[in-house]
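Keep in mind that the numbers below use all heavy atoms, side chains included, and drop hydrogens, waters and symmetry copies.
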Amino acid sequence: MWAPEEEVVLRWESEQECMKQRLVLEDTEAWQKEPDFSGLERVAGVDLSFIKGDERNACAQLVILSYPDLQVVYDVSEMVCLSAPYVSGFLAFREAPPLLQLLHTLQREQPELMPQVVFVDGNGLFHYREFGLACHLGVLSDLPCVGVAKNLLQVQGVVKNDEHMSQISALSKAGDTFPLVTDSGKILGQALRSSDRSIKPVYVSVGHRISLDTAVRLTHSCCRYRVPEPTRQADLRSREYLRTHFPSPS
DNA sequence: GCGACAG
DNA sequence: ATCTTGTCGC
């Protein structure tokens, strides 16, 4: 494997503390306050896919979808070499650099396509130190970001126990939610049943420049399947890229 | 030693 | 993240 120096992890922690001061946890855009998000035209999804034996090289993906149609209007795949290993709680130091690079390239070459909000696969405020990948990418890009994790990160007293499973069972239809409350009573995110066909919820939290209520409402409105369409397209396309450029041995 | 561990 | 085919249901 590949482990970071303890000293590096300490530096990462202080960087997260420092960047937290620039976080904006409220709605800052006019479209966010509209009942139907009128004014919202472009939503983005970002993702990284890997080849099975290789944890350093990855395909970074950025897709832009029209809203509310959710049709892909832009898509880029790029092979990147990651400079940090995966460490739970520090995902951003591994994935944010290449994703920011794709956003900067878009800004330079097709600024008219800049997304108005970015869906990130992973958590935002719902994080050990309340600064997950969605917050990190949001602050560094200064774009509104929403964190949507497919699996529960057990943090600050939010655990996958019987009570949690019971709350999941109570989600009877798409759009139903329950709050992720820390042991100190703070709501860091919402579990959302994103489609009628999936029992397993997704975990939504604020990344940057959006309120939790708006983030949940927007996520629900972008879900054709369990995973929000922008993230889903980014995942599908990055994997498709690897299949065609790095076909399996057999 | 045991469990947890976003992607 | 990735390893993997079929299978059940609409």
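Across the protein-nucleic acid pair, A:N57 atom CG and C:dA1 atom P stand 18 Å apart, rounded to whole Å. The separation between A:L188 atom CG and B:dA6 atom C1' is 14 Å, rounded to whole Å. Taking atom NE2 on A:H127 and atom P on B:dG7, their separation rounds to 12 Å, with Å as the unit. Atom-to-atom, CZ of A:R197 to C1' of C:dC10 comes out at 10 Å; the value is rounded to the nearest Å.
Once rounded to the nearest 0.5 Å, the distance linking CD of A:E240 with SG of A:C59 reads 10.0 Å.
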Query raised in the report: Under a 3.5 Å cutoff on both atom distances, Watson-Crick or G-U, what's the dot-bracket for DNA chain C ([ ] crossing, | other strand)?
Result: ..........
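Aromatic ring pairs are classed by plane angle as parallel below 30°, tilted from 30° to 60° and perpendicular above 60°; the pair A:H136 and A:F131 is tilted. Between A:F90 and A:F93, the ring-plane angle classifies as tilted under the 30° and 60° cut-offs.
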Between the protein and nucleotides 3-5 of chain B, list the N/O to N/O atom pairs that are separated by less than 3.5 angstrom.
unit_1	atom_1	unit_2	atom_2	d
B:dA4	O3'	A:Q154	NE2	3.4
B:dC5	OP1	A:Q154	N	2.8

List every contact pair, protein side and nucleotides 2-9 of chain C side both N or O, where the distance is under 3.5 Å.
none

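For A:D235 and A:R239, the salt-bridge test passes: some basic side-chain N is under 4.0 Å from an acidic carboxylate O. Salt bridge absent: A:D142 and A:R22 never bring a charged side-chain N and a carboxylate O closer than 4.0 Å.
The residue A:F90 sits close to a base: some heavy atom pair falls under 4.0 Å. A:N151 comes within contact range of the sugar-phosphate backbone alone, with a heavy-atom separation under 4.0 Å but no base atom that close.
Side chain to side chain, A:S77 and A:Q61 meet the donor-acceptor criterion of an N or O pair below 3.5 Å. A donor-acceptor contact closer than 3.5 angstrom links the side chains of A:S195 and A:S198. In this model, no donor atom of one side chain and acceptor atom of the other lie less than 3.5 Å apart for A:T231 and A:D121.
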